[in-house]
Amino acid sequence: MKPTAAEQTEKPAHFIRKIIADDVAAGHTTVRTRFPPEPNGYLHIGHAKSICLNFSMAQEFGGACNLRFDDTNPEKEEDEFIQAIQQDVRWLGFEWDGAPRYASGYFDQLHEWAVHLIKHGKAYVCHLSAEETRAYRGTLTEPGRDSPYRNRSVEENLALFEQMRRGELPEGTCVLRAKIDMAAPNINMRDPTMYRIRHAHHHQTGDKWKIYPTYDFAHGQSDAIEGITHSLCTLEFEDHRPLYEWYLSNLPVPSMPRQYEFARLNLNYTVVSKRKLKQLVSEKHVSGWDDPRMPTLSGLRRRGYTPASIRAFCDLVGVTRSEGVVDVGMLEFAIRDDLDKQAPRAMCVLAPLKVTITNFDASVLEHFTAQLHPQKPEMGTRELPFTRELYIDRNDFRETAEKDFKRLVLGQEVRLRNAYVIRANEVVRGADGQIVELKCTYDPDTRGKNPSDGRKVKGVIHWVSAAHCLDVEVRLYDRLFTVEFPEEDKSKTFLDFINPQSLTILKGCKAEPSLARATPDTRYQFEREGYFCADSVESQPGQLVFNRTIGLRDSFGK
RNA sequence: UGGGGCGUCGCCAAGUGGUAAGGCAGCGGGUUUUGAUCCCGCCAUUCGGAGGUUCGAAUCCUUCCGCCCCAGCCA
């Protein structure tokens with residue numbers, strides 16, 4: 001059998017891999033990377049790219065990868081997210097080195113380093129208000145002006161910073177800034193803020209701190225403390241690299257990490273922004289962070305995506321510096337590719353139409369043994385009860401049809417998958433004219449073989465025994481947004497493009513009896529329909545709920 | 001009009017001076033008791049445009065065009 005994308009061992013030689021390989025060849029014996037999420041939301045498919053990159057680089061080069069919570073902004077962060085992030089990283093198949101790290105774990109050291117910069121005349125306490133600071137910063141085309149507080153004495157700065165630390169100053173009173181260059185063309189170098197006053201409770205450090213470092217003042221030093229060799233981040237941080245390096249070279253840090261930037265993942269027909277995902281959840285457009293329509297890892301998991309398929313997808317997409325938009329079709333390919341090889345087959349009728357086999361005795365019960373996987377007999381078999389009354393899908397029957405319709409047509413034959421060939425003889429209608437039943441006859445000579453008279457039966461449809469099938473609920477998912485780029489139209493909000501048909505709930509679906517023991521971790525292929533798994537939160541034994549992960553590729557177009 | 005990036009097939013992406021990989025999607029055909037899978041074939045005389053250097057350029061130079069990021073006491 002052809003290897004799946006997930007089994008592909010030859011990894012493409014992207015630029016990060018080359019840089020690291022060169023460093024290793026040049027004598028770097030320790031490769032250490034880190035995945036540094038801020039615990040202010042759930043992880044999504046975009047994070048998966050970063051996770052796969054960081055962990056796989058460490059794995060490939062015999063190094064280690066840390067998990068570090070970038071928790072410098074207590075007001076936006078929660079412990080719930082810390083737990084969820086750990087679960088998602090593990091689910092994806094990675095294990096970080098040692099215990100999870102926290103930027104907040106370095107607050108003492110960071111504070112000490114801030115004092116160090118003050119003592120060296122490289123940082124000062126600035127009392128400009130936020131608005132004034134903005135005005136002094138200049139614009140993209142005009143240089144900024146020096147703050148009037150820029151030349152305070154070391155002693156005064158030390159005293160003021162200590163007051164900030166003790167919580168003696170109200171929020172917003174002042175900030176600690178690095179003294180770099182207010183005329184720098186790179187705005188990040190115009191005396192960036194290092195510390196701001198926040199009288200906030202921190203999920204890790206409690207009420208110990210009244211001042212919190214900014215991302216820029218925390219990230220590089222945290223990397224240095226942990227001995228990170230390659231600090232991989234997304235393109236928007238490229239302009240921060242000079243500042244990242246400025247702090248490292250002006251502080252007595254224990255190591256010199258290097259920052260490299262790659263393009264973040266963009267997917268069409270969805271949004272991959274924590275802020276927007278959070279909005280979908282809080283405004284109840286979806287049932288939660290783990291709604292199967294969400295591009296979050298927890299949503300994809302509940303939907304039925306496998307970790308291997310997401311890893312394969314990340315490999316497929318590659319790592320470059322050019323930002324593009326990946327077609328969701330590639331994600332769908334990755335999951336179909338994986339599931340086709342793994343998923344046991346089963347039959348489930350989504351839109352049941354009763355069929356009576358008039359020449360089959362009502363007192364008879366036959367059994368067919370069907371393979372769980374057509375290409376993998378080693379996966380085993382299951383039993384299919386066959387009786388006089390069956391269900392087939394309404395979409396698989398037409399009273400008249402063109403020759404390209406390869407299913408059941410009145411007066412013609414079709415094969416019931418794993419069972420007999422039947423012929424539709426008569427349509428039974430309800431009071432409203434709706435077809436409620438089909439009267440058919442079966443050909444006993446077609447069990448496990450084609451008609452011996454050489455008749456050609458082209459179509460094959462799935463079915464279920466009416467007396468033995470399970471009544472189940474099936475949820476079909478479509479893309480969450482109706483347009484490729486929901487964020488593109490600036491005159492509207494992405495919420496205007498939510499697909500009202502993104503969720504279709506089907507009740508009264510008829511599943512073959514072997515599905516009674518379905519659990520969320522077994523993904524099935526419902527033959528001719530797609531890949532499904534029991535919903536991890538709402539499916540119960542006896543009241544099964546299946547999520548359609550993804551439909552089968554369909555060249556006919558239902 | 002400042003700074004930093006990016007532009008190779010509809011999408012992703014190799015290629016870094018020697019004459020355009022691969023994947024996704026699409027389109028033909030074959031196998032098939034899943035219109036699935038699998039198999040075979042097709043799918044960029046051309047690399048954002050224009051000049052130039054060179055025996056030779058997607059790769060070097062010049063210039064132009066387009067797109068993205070940066071003016072949080074967010075990350």
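Within every chain, numbering begins at 1; the chains are lettered A, B, ... in the order of the sequence lines, protein sequences first and strands thereafter. As a basis for the values below, the full set of heavy atoms in this structure was taken, side chains included, without hydrogen atoms, waters or symmetry mates.
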Can you tell me how far C1' of rA25(B) sits from CG of Asp337(A), to the nearest Å?
-> 15 Å
What orientation do Phe217(A) and Tyr247(A) show, parallel under 30°, tilted 30 to 60°, or perpendicular over 60°?
-> perpendicular
Name the nucleic acid region contacted by Asp239(A), choosing base, sugar-phosphate or nothing; use a 4.0 angstrom heavy-atom cut-off, strictly under.
-> base
P spacing across the pair rG2(B) / rG56(B), given as an integer number of angstrom = 37 Å
Given rC73(B), is OP1 or OP2 found less than 4.0 Å from the side-chain N or O atoms of Arg137(A)?
-> yes
Atom P, compared across rA25(B) and rA57(B): separation rounded to whole Å | 36 Å
For rG29(B), decide between syn and anti, treating a glycosidic angle within 90° of 0 as syn.
-> anti
For the side chain of Glu238(A), counting heavy atoms from C-beta on, which of rG4(B), rA75(B), rA71(B) is nearest?
-> rG4(B)
Determine, for Asp443(A) against Arg455(A), whether the closest basic-nitrogen to carboxylate-oxygen distance falls under 4.0 angstrom.
-> yes
Which part of the nucleic acid, if any, lies within contact of His240(A), taking any heavy atom under 4.0 Å across all strands shown: a base, the sugar-phosphate backbone alone, or nothing?
-> base
Are Asp554(A) and Arg528(A) within salt-bridge range, i.e. N to O under 4.0 Å?
-> no
Identify the pairs formed between an N or O of the protein and an N or O of nucleotides 31-34 of chain B at a distance under 3.5 Å, and give each distance.
unit_1  : atom_1 : unit_2    : atom_2 : d
rU33(B) : O2'    : Arg417(A) : NE     : 3.0
rU33(B) : O2'    : Arg417(A) : NH2    : 2.4
rU33(B) : O2     : Asn418(A) : N      : 2.7
rU33(B) : N3     : Arg415(A) : NE     : 3.0
rU33(B) : O4     : Arg415(A) : NH2    : 2.9
rU33(B) : O4     : Gly448(A) : N      : 3.0
rU34(B) : O2     : Gln525(A) : OE1    : 2.8
rU34(B) : O2     : Arg528(A) : N      : 3.0
rU34(B) : N3     : Gln525(A) : OE1    : 2.5
rU34(B) : O4     : Arg345(A) : NH1    : 2.3

Taking only side-chain nitrogens and oxygens of Thr214(A), does any of them come within less than 4.0 Å of OP1 or OP2 of rC73(B)?
-> no
Name the closest nucleotide to the Ser555(A) side chain, picking from rA13(B), rG4(B), rA36(B).
-> rA36(B)
Centroid-centroid distance, Phe161(A) to Tyr195(A), less than 6.0 Å = yes
Going by heavy atoms in the side chains, are Trp289(A) and Lys278(A) under 4.5 Å from each other?
-> yes
Aromatic ring of Tyr215(A) stacked on base six-ring of rA75(B), 5.5 Å, 30° | no
Identify whether NZ of Lys or CZ of Arg in Arg198(A) sits under 6.0 Å from the centre of the six-membered ring of Tyr212(A) and within 45° of that ring's axis.
-> no
Ser322(A) near the nucleic acid: base, sugar-phosphate alone, or nothing, with a heavy-atom cut-off under 4.0 Å?
-> sugar-phosphate
If the P atom of rG52(B) is compared with that of rC43(B), how far apart are they to the nearest Å?
-> 32 Å
Measure from CG on Asp315(A) to P on rC24(B) and round the result to the nearest Å.
-> 14 Å
Consider the side chain of Thr193(A), meaning its heavy atoms from C-beta on, and name the nucleotide among rC73(B), rC12(B), rA14(B) that approaches it most closely.
-> rC73(B)
Got a minute to check which stems RNA chain B is part of, using Watson-Crick or G-U wobble pairs under 3.5 Å, three or more consecutive?
-> B:2-7 with B:65-70, B:10-12 with B:22-24, B:26-30 with B:38-42, B:48-52 with B:60-64
In whole Å, what is the span from the CZ atom of Phe556(A) to the P atom of rA36(B)?
-> 12 Å
Partners of Phe35(A) by ring-ring contact (aromatic ring centres under 6.0 Å, His included), sequence neighbours excluded?
-> none
Which part of the nucleic acid does Lys18(A) contact within heavy-atom distance under 4.0 Å: base, sugar-phosphate only, or nothing?
-> sugar-phosphate
Residue Arg198(A), side-chain heavy atoms: nucleotide from rC74(B), rA14(B), rG35(B) that is nearest | rC74(B)
Whole angstrom is fine here: how far is it from CE in Met330(A) over to P in rG10(B)?
-> 14 Å
Pull out every residue in residues 173-189 of chain A that has a heavy atom closer than 4.0 Å to any atom of RNA chain B, ordered by number, or say none.
-> Val175(A), Pro185(A), Ile187(A)
For Gly324(A), report the nucleic acid contact type (base, sugar-phosphate, nothing); a contact means any heavy atom under 4.0 Å.
-> sugar-phosphate
Integer angstrom distance from the C1' of rG28(B) to that of rA20(B) | 24 Å
Asp216(A) CG to rA71(B) P, straight-line distance once rounded to whole Å | 11 Å
Is Arg321(A) near enough to rG4(B) that one of its side-chain N or O atoms lies under 4.0 angstrom from OP1 or OP2?
-> no
Looking at every strand, decide which applies to Leu128(A) at a 4.0 Å heavy-atom threshold: base, sugar-phosphate, or nothing.
-> base
Kindly confirm or rule out a cation-pi arrangement of Arg447(A) over Phe368(A), judged by NZ or CZ under 6.0 Å from the six-membered ring centre and within 45° of its axis?
-> yes
For residues Arg101(A) and Ile225(A), determine if any side-chain heavy atom of one lies less than 4.5 Å from a side-chain heavy atom of the other.
-> no
Distance-only criterion, 3.5 Å: show the donor-acceptor pairs between side-chain atoms of residues 170-177 of chain A and protein atoms not counting sequence neighbours.
unit_1    : atom_1 : unit_2    : atom_2 : d
Glu171(A) : OE2    : His199(A) : N      : 2.7
Thr173(A) : OG1    : Pro170(A) : O      : 2.4
Arg177(A) : NH1    : Asp191(A) : O      : 2.8

For rU46(B) and rC9(B), measure between their P atoms and round to the nearest Å.
-> 13 Å
Take atom P in rC73(B) and the same atom in rG26(B), then report the distance between them in whole Å.
-> 48 Å
Result for 5'-nearest mapping on RNA chain B, choosing between Phe237(A) and Arg241(A), is Arg241(A)
Could you measure between the two C1' atoms, the one in rG48(B) and the one in rC38(B), and give it in whole Å?
-> 40 Å
Do you see a donor-acceptor pair shorter than 3.5 Å between the side chains of Glu261(A) and Gln259(A)?
-> yes
Would you say Glu38(A) and Glu77(A) make side-chain contact, with heavy atoms under 4.5 Å?
-> yes
Would you tell me if any nitrogen or oxygen in the side chain of Arg336(A) comes within less than 4.0 Å of OP1 or OP2 on rU37(B)?
-> no
Can you find a donor-acceptor N/O pair under 3.5 angstrom joining the side chain of Arg407(A) to the base of rG35(B)?
-> yes
Using side chain to side chain donor-acceptor pair (under 3.5 Å) as the criterion, list what pairs up with Ser465(A), not counting sequence neighbours.
-> Thr387(A), His468(A)
NA contact type, Ser129(A), heavy-atom cut-off 4.0 Å: base, sugar-phosphate, or nothing?
-> base
So does Arg553(A) get a side-chain nitrogen or oxygen closer than 4.0 Å to the phosphate oxygens (OP1/OP2) of rU37(B)?
-> yes
Can you tell me, in whole Å, how much space there is between the P of rC11(B) and that of rU45(B)?
-> 15 Å
Counting just side-chain N and O atoms, does Thr72(A) come under 4.0 Å of either OP1 or OP2 of rA75(B)?
-> yes
Taking the six-membered ring of Phe494(A) as reference, does the NZ or CZ atom of Lys276(A) fall below 6.0 Å from its centre and within a 45° cone about the axis?
-> yes
Under a 4.0 Å N-O cut-off, is there an ion pair linking Lys341(A) with Asp337(A)?
-> yes
Just how far, in rounded Å, is P of rA75(B) from NZ of Lys276(A)?
-> 19 Å
Quick one: label Val325(A) by what it contacts on the DNA or RNA (base, sugar-phosphate, nothing), any heavy atom closer than 4.0 Å.
-> sugar-phosphate
